[in-house]
Amino acid sequence: MAELPDLTVFAQILTRKYKGEELDKVEVTVEKKLNVPVADLKSALKGQKLLNVIREGKTLQLHFSSDQIVGLHLMLRGELVELNNGKTPRFQVLAFHFKNGSGFSLIDLQKQATPTLQPKPAVAPDALNIDKSVFSALLAKKRTLIKTLLMDQKVIRGIGNSYSDEILYHAGVSPFSIPKAIPSKDVAKIYNSIRTVLEKAIHDIAGANGDKLTGELKDFMNIHSPQLKTTAKGEIIKTAKIGGRTTYYTDAQELFV
DNA sequence: GTAATTGTTCTAGC
DNA sequence: CGCTAGAACAATTA
């Protein structure tokens, strides 16, 4: 669920709510995914202030004073919940408690969510920053399906199963297309659709969520949804598995092989 | 009771 | 050897 637009909105809300707050304590409930010993995390963050929260690819980065950074990857089912009644949320992985009594928790029923102290900077370009010529060059040499390519975090960061379908539907290109075979006109369409689709989703989600951190992030999928049988234009929505992931598409999307 | 879900990592294969 | 495809992982809900 958590892809680039959701995470962007989470980062905005966390910054709004907790910017400037001083940490009281960090509570680690599930430590197996943490990249350092719990004691190291606690001592690194002791008494630090949260300066801001940004999105990096599919992760959030909490920037604290003294140059301390904590990366949070929500993986498949991670969620953020606001703490207010002192109760530990179910499935908690770790929690940030501030001195003013506020705080938030990272939860994940699968315990896959990954906190990282001082994450390494990633090299792959972000989906919202990638240069058009870099994008074209990338597609020109890849043989894997276009959908798989868009989801490859080592190539472009931020796009997952849901939004890859949305982007390709918007661009009118079949997810089964081979990147090398896609004409430059259509490569340009995909490139533009990445920005259009993601920015619209950020806008829609931010508007619907307001200051609410958690709960059902209302989604605005036009095609990637088991509930939808046809698109707004009336096209039949088909499904298939690509890389084990359910893919939603229509015959209106042009196939290049 | 079984299938589906989701992203990353590892492994096998071409 | 480089690239690509597919399985495994975890824990729950439908």
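The analysis underlying the following values was restricted to heavy atoms, covering all of them including side chains, and did not include hydrogens, waters or symmetry mates. Each chain gets a letter, A, B and so on, in the order the sequences are listed, and its residues count up from 1.
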Worksheet item: Going by number, which of residues 136-146 of chain A have a non-hydrogen atom under 4.0 Å from DNA chain C?
Response: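 The answer is Lys142(A), Arg143(A), Thr144(A).
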
Worksheet item: Going from CG on Leu198(A) to NZ on Lys200(A), what distance comes out if it is rounded to the nearest 0.5 angstrom?
Response: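 With rounding to 0.5 Å, CG (Leu198(A)) is 12.0 Å from NZ (Lys200(A)).
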
Return the value, rounded to whole Å, for the distance between atom [atom1] of [X] and atom [atom2] of [N].
{"X": "Glu3(A)", "N": "dT6(B)", "atom1": "CD", "atom2": "P", "result": "9 Å"}
{"X": "Met75(A)", "N": "dT12(C)", "atom1": "CE", "atom2": "P", "result": "16 Å"}
{"X": "Arg77(A)", "N": "dT12(C)", "atom1": "CZ", "atom2": "P", "result": "11 Å"}
{"X": "His73(A)", "N": "dC9(C)", "atom1": "NE2", "atom2": "P", "result": "20 Å"}
{"X": "Ile159(A)", "N": "dT8(B)", "atom1": "CD1", "atom2": "C1'", "result": "16 Å"}
{"X": "Ile242(A)", "N": "dA7(C)", "atom1": "CD1", "atom2": "P", "result": "15 Å"}
{"X": "Gln112(A)", "N": "dG7(B)", "atom1": "CD", "atom2": "P", "result": "12 Å"}
{"X": "Leu109(A)", "N": "dT5(B)", "atom1": "CG", "atom2": "P", "result": "15 Å"}

Worksheet item: Under 4.0 Å between a Lys/Arg side-chain N and an Asp/Glu carboxylate O for Lys142(A) and Asp152(A)?
Response: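 Looking at Lys142(A) and Asp152(A), the cut-off is not met.
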
Discussion item. Tell me whether Asp108(A) is salt-bridged to Lys111(A), with the criterion being a basic N under 4.0 Å from an acidic carboxylate O.
Written reply: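 Result for this pair is no, no salt bridge flagged.
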
Worksheet entry | Proximity to the side chain of Lys241(A) - top-ranked nucleotide from dT5(B), dA10(C), dT8(B) |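 So the nucleotide nearest the side chain must be dT5(B).
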
Worksheet item: Among dT6(B), dG7(B), dT13(C), which nucleotide sits nearest the side chain of His224(A)?
Response: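 Among dT6(B), dG7(B), dT13(C), the one nearest the side chain of His224(A) is dT6(B).
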
Worksheet item: Mapping Lys154(A) and Gln110(A) onto DNA chain B by nearest heavy atom, which one lands closer to the 5' end?
Response: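 Between the two, 5'-proximity favours Gln110(A).
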
Discussion item. Ring-plane angle category for His224(A) and Tyr248(A), please: parallel below 30°, perpendicular beyond 60°, tilted otherwise.
Written reply: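 His224(A) vs Tyr248(A) ring planes: perpendicular.
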
Worksheet item: Within the pair Arg157(A) and dT8(B), is there a side-chain N or O less than 4.0 Å away from OP1 or OP2?
Response: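 So the side chain of Arg157(A) is outside the cut-off, no N or O lying under 4.0 Å from OP1 or OP2 of dT8(B).
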
Worksheet entry | Side-chain N,O (Thr246(A)) to OP1/OP2 (dT5(B)) below 4.0 Å |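 So the side-chain polar atoms of Thr246(A) do come within 4.0 Å of the phosphate oxygens OP1 or OP2 of dT5(B), strictly under.
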
Discussion item. Quick check: Phe104(A) with Tyr18(A) (ring centres under 6.0 Å apart)?
Written reply: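 Between Tyr18(A) and Phe104(A), the centre distance is under 6.0 Å.
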
Discussion item. Salt bridge (charged side-chain N to carboxylate O under 4.0 Å, His left out) for Lys49(A) and Glu22(A)? Distances and angles first, verdict last.
Written reply: CA-CA 4 Å; Lys49(A) 278 187 183 152; Glu22(A) 189 174 341; 5.1 Å; no

Worksheet item: Taking atom types as modelled, is there a side-chain donor on Lys238(A) or Thr250(A) under 3.5 Å from an acceptor on the other?
Response: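 No - no donor-acceptor pair under 3.5 Å links their side chains.
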
